[in-house]
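Every heavy atom of this structure was used, including side-chain atoms; hydrogens, water molecules and symmetry mates were not. A, B, ... follow the sequence lines: proteins, then strands. Residue 1 opens every chain.
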Amino acid sequence: MESESNLKTWVSDKVMTLLGYSQPIIVQHIIAVTKQATSPASVVEMLVESGWSSTTETASFAQEIFAKVPHKASVLDQNIKKPRVFRRKRYDLVDDDEEKQEPEQEERRVKRRTCPEDEEEEDQRAREQLERNLKDKDKAATRKLTEPNPNRRRSSRNADHDIERLRTLSREGYVKKREKQILEGIRAKIEDEKKLFKHEKLTQAEKSRNKYMEDICNVVKKYEAVDDDVEVYRIPEAYDDMESGVNQKKRYSVASQRYKDGEVKKVGAHAEQVGWEDHQIGKARVSFGSKNKRREGDEYEFVFETDMVEFVKGSMGSGIKRDDQFDDDDDMEIKSNQLFELRAKTAMEKLQEERRALPMYKMRQEFLKDVKEHQIVIIVGQTGSGKTTQIPQFLHEAGYTKGGKKIGCTQPRRVAAMSVAARVSQEMGVKLGHEVGYSIRFEDCTSEKTVVKYMTDGMLLREFLVEPDLASYSVLMVDEAHERTLSTDILFGLVKDIARFRPDLKLLISSATLDAEKFSAYFDSAPIFIVPGKLHDVDVFYTKAPEADYLDAAIVSTLQIHVTEPPGDILVFLTGQEEIETMNEILKHRTRGLGTKIAELIICPIYANLPSELQAKIFEPTPEGARKVVLATNIAETSLTIDGIKYVIDPGYCKMKSYNPRSGMESLQVTPISKASAIQRAGRSGRTGPGKCYRLYTEDNFKNELDDSTIPEIQRTNLANVVLTLKSLGINDLLHFDFMDPPPAEALIKALELLFALGALNSVGELTKIGRQMAEFPVDPMLSKAIVASDKYKCSEEVLSIAAMLSTGNSIFHRPKDKQVYADNAKQNFHIGNVGDHIALLNVYNTWKETNYSTQWCYENYIQVRSMKRARDIRDQLERLLERVEIELTSNPVDLEAIKKAITSGYFPHSARLEKNGAYRTVKNPQTVHIHPSSGMAQVLPRWVLYHELVLTTKEYIRQVSELKPEWLVEIAPHYYQLKDVEDSVSKKIPRGEGRAP
DNA sequence: GAGCACTGC
C-alpha cells in the first residue's frame, strides 16, 4: 500500500495527463470516491457524475486507481475525508424517507462513530441540540466569523468532535429548509413581477422594477452559487431529494430567467448580449484577481460572490478551483448561510489585502492632498495601478459624498463600467446598485443611495441634457481619457466649462503617459499625479527591413514563435475579418503540412461581428502542450483581455474610419497605427507575466513614421449628432467651443447645414421644436428626423423598427464563407417585390417578431441573433422616448409609400439618380456612386434612389438603398430641392448639366 | 458583383 502523499502525486499526474490540468481538490475527490467505490465501474460512474467524460481513458484510469487505492473494508481505518453524502442524508431533519444507502456502508459509518448504539436516540439528541443551538444562532455565527479558520482538526475518535459535527449537520437541515422557503418567496415575487410586466406598459416605474428584479435574481443566484459550490462533493443530489421535486435545473431556471427568451422580455431583452457581456465581465474580474498570482483562489472567490452564473456554469475546472481554498480544513463542514457569510468575510479580507497591494493605495494621502488643493488633477496611471477602483473609494472615504453628492466616473465601454462597479461594490462591502452603482444604456443599476457611480461617457453626456450643471456630483472622473472617444472629447469642453462656475466640483482626468502634458495644458495647467503601474516587462522586437507583405510576415512569425519559443499564447493584430479568415486558412494549411513534427496550434479568430458562440472560443484554456494563436482585430487592443497571451505580433496597421466633410463620405481604410496604439498592443503580452512583442516594421519606422497618437475621433467623423447634442445643451457658438482638438470648421459647418435642412435649427442657428424632439433620440439626426416625421405619416411603429435595425450597423445578415449561396437566398426572401433595403429590414424585424423572437428562425435565415436582440433593445428604448416627445405610436404596415416618405423626410439629402452606365450620381454634391452589392437593389437599379450611407471602400458605395419618387423630394424638402433638380431626368432620358460626353 | 476597425447614446 502506498503512502497517502505518494498516492496523491500519482493521481495528480494521471489527472494531469487526462484533463490537462490538476488541482489538489480533484485528486482528493477522486481518492475519496475510489475509497468508497465497490467496483471500477462505480468509480467511473462517480467520475462521470463529477463532470468527466465517459471515455476509455476514464475507464482505464478508474481500473488503475481502483487497484491502487485501498477501498471497501480497508477504508475503515483510514482517516480520510469522505464525501459527506451519507452522513448528510442521515441527519436531514426535513425529510426522512429517502434512506437508500448500501447496508455495508451504513454499517461502516456506524462503526466509525463513537456513539453508534442507538441512532434514533442520537438523532433526537441532535434535534434538541439544534434547537438550543438555533437560539444561540447569532452567537454561533459570530464565533464562526471571528474564527474563519477554526482550530478544529478532525479527530474521528473524539466524541465531542462528533457531536459538534452532528450539530453542524443538523443545522444544515434547518438552513436548507429556510433556504427553500426564501427561494419559494422569491420565486413567487418573480412571478408577480412577470405579470406586471405583461400588463403594464413600461413607464417611469420600470427602472426601479428592473432594478428590483435584478436584485432578486442576484439573491437567487447567490443561493444557486452555494449549491453549485457544493456540487463537487455530491451533496446536491441529497439536497434535491430533500427538497422533493425541486431540482437543480428548475432552480437554475429561476436565476437565469432574465437570460432567456420570451416571457420576461423587458428584463431579458438583450439576453445574448448580456450573456456575452457577462462573459467579458467574468474575464475582467478574473484578470483583477490574477494580478496577484500568489493566491489563485481569489479570482474565483470573486467570481463566485457576484452574479457570474454564465461564467461558472458548465466549467468543471472552475467549479473545483473555487473550493480549493477550503481544501484541507473543516470549513467544508460549514454550509449554506454560514459558509456564505464566512466566504463573504474571507473574500472581504482578501479584497482588502489586494487593495493594499495596489500602487494607488500607497499614494492615498498624497493624492487626497492634491485633490484638496487643486480643482482639476490629471492622473497618469498604467493598467493595474488601481486608479479606477481606488480613487472613487478614497474620495468617498474622505467625505466627498457628504450631503448626498455623487462621485461620477466615466468609462468608454459598457463592460468596463459594469465590471469596475461590481469590483468596487465588493471592496466596499455593499450591494451593487446601492452605494456603488453603474449606469449604461439599457441598464441603470443605481438607486437614491448611490454615491459612487460608474457610467459610460455617452451616458454622462445624456445626463447633461437633464442636469446641465451636474449639481448632484461633487467629483467627476473621466477615465481612459487618452482614448479620446467622441463622447470624452465633448465632455472635456463641457466639464471644463462647468468647473469654472462650480468651484466645489473636483475634476479628475486619467490619461496615459504620452498625453498627460497635453491634458494638463488644456485644463489650465492642472497638476499631473503619477501612479506607477504593475505591468510586466515586455521585450519588443522589430524587423530588420520593412516587410512588403505583412500578412505573410505575420504567418511566418507565428510559426517561428510556435516552433522556437517556450509555451505561451500568441496574439496577432490584423485589420479585418477578411484578413483574419485568410490567415486562418493559410495557417491551417501550413501546420497540416508539418504534421506531428510540431505541437498543436489552436487558431482562434476574433472580431466584433463574429457570432458570440464562436467568440467564446478564445477564452477556453489552452490544453497542455498546445499553443493558442488568437487572430484579432483592434477589438483585442482595448475591449477585451485574453489571459495567457505571452507573444504579440503587431503588423502595425488597422482600419480607421475617416470622414470627408466636403463630399459627406465616410471611408474605412487601412492605415498605420500610432505609437500609442503600438505601445498598447505590446502591453497586451505583459498582463500575466513577462511578454514579447514582435513588430513587423523597423524601429526606424516606429520612431519616425508613426504618429504619436491616433487622430481623435472628433476630427474624423460626421458631426451632425455632436452639433445637435451641443445645441440642445444651449451651446450656440460652436465654432468657439473649447474643444481640446477642434474638429475641422468645414465639418462643423456641414453639420449645421444639415441640421438646418432637417429643420432642427432655424435660420439663426437656434434649436427648433423639431430639433429638441430629435435630440431626445440616441440616433443619427437624419434617422431621428425620420422618426419625428413618421408622426405625420402615421407609421411610427414601422419607422421605429427600421430605425432600430439601421442603428445596429451592418451586422444583421450573417454570411458564412461556405454557405454564401444559402445566405444570399435567405436574404432575398425579405426583398420580394423589390421593396428596397429599408422595407426589407422592416420585414426581417417583423418576421422575427412573429416567430416570437426565435433564435432558431435567425439561424435558419442566416441572421445574427445578437444584432436582432440589440435592435429590439434599441427599438424599445426609442418607443419609450416617443412618448416623451409626444409622438403617437401609430401603425400603417401596408402603406409602404408612407413609410418611405417618412424615411425620405430624414434622408432627402441622400438621394441619387441612375446614369446611363449603371452607376448613380448623387443629386447634391454630385459624385458618382454605386449601389453596394450587398443591397437588394443592386440588380434592380431604379431610376431614383434614397440611401442610408455613402462609404468609400474599394469604390464609392451607397448602402441600404430604397427606390424613391423624385416628386417626393420636392414635396418633402422644398427648401432643399427645386423642381428643376428633379424634373430633368424625369422628362428627359439623359441627365442635364453633368458635363459628360456621351 | 464586392466585403463590414472599434465604441457609445
Would you indicate, yes or no, if [N] has its OP1 or OP2 atom less than 4.0 angstrom from a side-chain nitrogen or oxygen of [X]?
| X | N | value |
| --- | --- | --- |
| A:R413 | B:dG8 | no |
| A:R414 | B:dC9 | yes |
| A:T456 | B:dC9 | yes |

What's the separation between atom CE in A:M418 and atom OG in A:S439, rounded to the nearest 0.5 Å? 11.5 Å
Which distance, rounded to the nearest 0.5 Å, do you find between the CG of A:L574 and the SG of A:C654? 11.5 Å
Classify the ring geometry between A:Y947 and A:H910 as parallel (under 30°), tilted (30 to 60°) or perpendicular (over 60°). parallel
DNA chain B nearest-nucleotide lookup for A:D457 and A:S934: closer to the 5′ end is A:S934
Atom-to-atom span, [atom1] of [X] to [atom2] of [N] - whole angstrom:
| X | N | atom1 | atom2 | result |
| --- | --- | --- | --- | --- |
| A:D444 | B:dC9 | CG | P | 12 Å |
| A:E666 | B:dT7 | CD | P | 16 Å |
| A:Y659 | B:dT7 | OH | C1' | 19 Å |
| A:I635 | B:dA5 | CD1 | C1' | 10 Å |
| A:I711 | B:dA5 | CD1 | C1' | 15 Å |
| A:F464 | B:dG8 | CZ | C1' | 16 Å |
| A:E713 | B:dA5 | CD | P | 16 Å |
| A:L486 | B:dG8 | CG | P | 13 Å |

Pairing of [X] and [Y] as salt bridge, 4.0 angstrom limit:
| X | Y | result |
| --- | --- | --- |
| A:D873 | A:R441 | no |
| A:R684 | A:E637 | no |
| A:K675 | A:E705 | no |
| A:R772 | A:E776 | no |

Kindly point out which of [options] is positioned nearest to the side chain of [X]?
| X | options | answer |
| --- | --- | --- |
| A:I440 | B:dG1, B:dC9, B:dC4 | B:dC9 |
| A:N721 | B:dC4, B:dG8, B:dT7 | B:dG8 |
| A:K655 | B:dA5, B:dC9, B:dA2 | B:dA5 |
| A:P933 | B:dG1, B:dG8, B:dA5 | B:dG1 |
| A:H932 | B:dA5, B:dG8, B:dC4 | B:dC4 |

Hey, does [X] reach any base, or is it just sugar-phosphate, or nothing, if we go heavy atoms under 4.0 Å?
| X | result |
| --- | --- |
| A:T633 | sugar-phosphate |
| A:F777 | nothing |
| A:M459 | sugar-phosphate |

Here the residues of residues 575-583 of chain A within 4.0 Å heavy-atom distance, strictly under, of DNA chain B are A:T575, A:G576, A:Q577
Would you please test A:K657 and A:E666 for salt bridge (Lys or Arg N to Asp or Glu O under 4.0 Å) and show each step? CA-CA 7 Å; A:K657 196 173 85 177; A:E666 289 185 334; 3.7 Å; yes
